[in-house]
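Okay, so here's the structure we're looking at.
Remember, predicted model here, so these are calculated numbers, not experimental data. Keep in mind that the numbers below use all heavy atoms, side chains included, and drop hydrogens, waters and symmetry copies.
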Amino acid sequence: MGAPVHGSGLRTDRPERSRRALVAGSVGNFIEWYEFGVYGYFATVIAARFFTPEGGSEVEALVKTYASFALAFFFRPVGAALFGRLGDRVGRRPVLIMVIVLMTAATTLIGVLPTYDTVGALAPWLLTFLRVLQGLSAGGEFGGAVSVMTEFAPPGRRGLYGSWQSFTVALGLLGGAGVAALLATVLSEGQLGAWGWRLPFLLTLPMGLGALWLRLRLDETPSFESLREEPLPERPPGREVAKAIALGAGRIMGWAAAGYTFLVVLPSYLQSSLNATFQQALVATVLANLGFAATIIPAGLLSDRIGRRPVMLTGALLVTVLAVPLLNLLQNTGTSNAVKGGAVFVAGAVVGLMAGPGPAMLSEMFPTSVRYTGLGLAYALSNAVFSGCAGLIITETIKRTGSVDIPAYYAAVTCAVSVLALLTLRKEPVQGGS
């Protein structure tokens, strides 16, 4: 199923409204992925504070930390369905406002949670509850943000506008890495473990208030306004929408798995499997995210000219072929730091080729009447399985097999499956409304 379910109903609007929509849609993605990045970067610290009772092993605590990480991802589809249905019925704007409030509150509260030493077994349960709330809000964020960006996009620019969603993901992960690196530099290891880890989560509060202000000024999208004017808006059959959701999830599973493997799981992997220091792991992550950020916007823009399929296929094929060789470079003690830095930069860059056109590709698969729900669920389901479980699967599999090549195999296999799904995508460029 390579074509959209129905006509997309997208149309242009005044440039200033389009730019405002771009910023308001992007800012929530930045906060969401800033927090998820911070949680990943501080996974070993969080494991020690919330999941390590006396006598527990560090590996066991890290697995439990990633289990909490995965649980939040599995609530994304629930959030996508709940908020998506609301967004397709009452509008994109009010739902995106609700989502940013929930996201900000849950993330800020993590920064004030009592640890295992203070409240015992209650601590991991409190953390997990807040992770669930974050998962719900994140599930509602993507569908609404991408709907707003692409429905306000001028003709022939949906790839570019949608790519800003992925670009702010990179900025969020970089922001989280930057804050983590700064704290690791200015604070001692003891201070970082005692209270310094809380600061990145508390920083979400002012960011969230700024995002709320931007969304309160956001207009409803022209596509949804047009839909509201129809007496009985047409909705596609449920089976047809379900097939499109499954296909969409397959097309982006490589992006989801490789993205989280290279951009978020990498720090803990380097520390636990390759004996890197916290600072070295963060530098590697920053370089990977810089590579990711460098290709996203160009990839989205290129997809407006030559089509989504060739750009995304190139990214998926490159990960499939290069994942193992790139990881072997990191494992080789004789490899220079410059070459290792180049390897992680390239790893991030090839993921960006999938992430740039991905949002517009998903948006074009669904009509206005079910777009928020459809693209949100496709993205959430793929991320729940292949991103949320990445840390858990990789850490547990390495623990059981002793193989340090597991991250590369995981990224390569999922991208190979995405190649098959992307082959069903239409070949022609996607310029205006279909």
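Taking the six-membered ring wherever Trp is involved, the centroid distance between the rings of Y260 and W33 falls below 6.0 Å. For Y379 and W255, the gap between ring centers is short of 6.0 Å. Taking the centre of each ring, Y116 and F50 stay at or above the 6.0 Å mark.
When side chains are defined from C-beta on, M361 counts as touching L425, because their heavy atoms get closer than 4.5 Å. For the pair F167 and N29, the minimum side-chain heavy-atom distance is 4.5 Å or more. In this structure the side chain of M365 never reaches within 4.5 angstrom of the side chain of R371, judged on heavy atoms. Side-chain atoms of N328 and D405, non-hydrogen and from C-beta on, do get closer than 4.5 Å to each other. Using a 4.5 Å heavy-atom threshold, the side chains of L375 and S147 count as touching. Side-chain contact between Y34 and V179: present, with at least one pair of heavy atoms (C-beta onward) separated by less than 4.5 Å. Residues K340 and L329 are not in side-chain contact: their nearest non-hydrogen atoms beyond the backbone lie 4.5 Å or more apart. Put simply, the side chain of L302 reaches to within 4.5 Å of the side chain of I306, judged on heavy atoms.
Checked by atom type and distance alone, the side chain of T168 never pairs as donor or acceptor with a backbone atom of L171 at under 3.5 Å. A donor-acceptor contact shorter than 3.5 Å links the side chain of T295 to the backbone of A349. Looking at R76, its side chain never comes within 3.5 Å of a backbone N or O of A384 through a donor-acceptor pair. Between the side chain of S303 and the main chain of G159, no donor-acceptor pair closer than 3.5 Å is present. The backbone N or O of G254 lies less than 3.5 Å from a partner atom in the side chain of S418, making a donor-acceptor pair. With hydrogens and angles ignored, the 3.5 Å screen pairs a side-chain donor or acceptor of R92 with a backbone N or O of G87. Looking only at distances, no side-chain donor or acceptor of R158 sits under 3.5 Å from a matching main-chain atom of A360. Judged by distance alone, the side chain of D88 and the main-chain N or O of Y372 form a donor-acceptor pair under 3.5 Å. In terms of modelled atom types and a separation under 3.5 Å, the side chain of T104 and the main chain of L205 share no donor-acceptor contact. For S166 (side chain) and A355 (main-chain N/O), a donor-acceptor pair under 3.5 Å exists by modelled atom type.
Remark: the S382 side chain and the R251 side chain contain no N/O donor-acceptor pair separated by less than 3.5 Å. Between the side chains of T373 and R85, no donor N or O sits under 3.5 Å from an acceptor N or O. Side-chain N/O atoms of E151 and S223 include no donor and acceptor closer than 3.5 Å.
The distance from atom CG of L133 to atom OG1 of T128, rounded to the nearest 0.5 Å, is 11.0 Å. Going from atom CD1 of I100 over to atom CD1 of I97 covers 10.5 Å, rounded to the nearest 0.5 Å. The structure places CG of N383 at 11.0 Å from CZ of F74, a figure rounded to the nearest 0.5 Å. Interatomic distance, CD of E32 versus CD of E141, reported as 6.0 Å (0.5 Å rounding). Here the CG-SG distance, from L313 to C415, works out to 11.0 Å after rounding to the nearest 0.5 Å. Here CD1 of I296 is found 12.5 Å from CG of L160. Values are rounded to the nearest 0.5 Å.
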Review item, side-chain donor-acceptor pairs of residues 196-203, under 3.5 Å, at least two apart:
unit_1	atom_1	unit_2	atom_2	d
W197	NE1	G193	O	3.4
R198	NH1	G111	O	3.2
R198	NH1	L113	O	2.7
R198	NH2	L113	O	2.8

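Closest approach of G176 and V38 over heavy atoms only: CA-CG2, 3.7 Å. Residue A316 comes nearest to V419 through the heavy atom pair CB-CG2, 3.7 Å, listed as atom of the first residue, atom of the second, then distance. Taking both residues in full, the closest heavy atoms of A294 and F345 are given as CB-CZ, 4.3 Å, listed atom of the first, atom of the second, then distance. Heavy-atom minimum distance, V146 versus Q165: CG2-CG, 3.8 Å. Contact between I245 and L377 at its shortest, heavy atoms only, is CD1-CD1, 4.0 Å. Residues F83 and L102 come closest through the heavy atom pair CZ-CD2, 4.2 Å.
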- [ ] I would like to know whether L86 and R89 meet side chain to side chain contact (heavy atoms under 4.5 Å, CB included); could you show each step before the answer?
- [x] CA-CA 5 Å; L86 281 173; R89 290 183 177 274; 6.0 Å; no

Task: L330 and L327: CA distance, side-chain angles, deciding distance, side chain to side chain contact (heavy atoms under 4.5 Å, CB included) verdict - done: CA-CA 5 Å; L330 296 180; L327 188 64; 4.2 Å; yes

- [ ] Just do the side chain to side chain contact (heavy atoms under 4.5 Å, CB included) check on R157 and S18 with the steps written out, would you?
- [x] CA-CA 11 Å; R157 307 284 277 182; S18 297; over 6 Å; no

- [ ] Show your working on side chain to side chain contact (heavy atoms under 4.5 Å, CB included) between R215 and R93 and close with a plain yes or no.
- [x] CA-CA 7 Å; R215 290 190 171 176; R93 178 182 178 272; over 6 Å; no

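For the pair R131 and E35, the salt-bridge criterion is met [side-chain N within less than 4.0 Å of a carboxylate O].
Tested against S137 for a side chain to side chain contact (heavy atoms under 4.5 Å, CB included), the candidates V99, V101, I31 yield a single pass: V99. The residue from S26, S363, P154 that alone fulfils the side chain to side chain contact (heavy atoms under 4.5 Å, CB included) condition with Y161 is P154.
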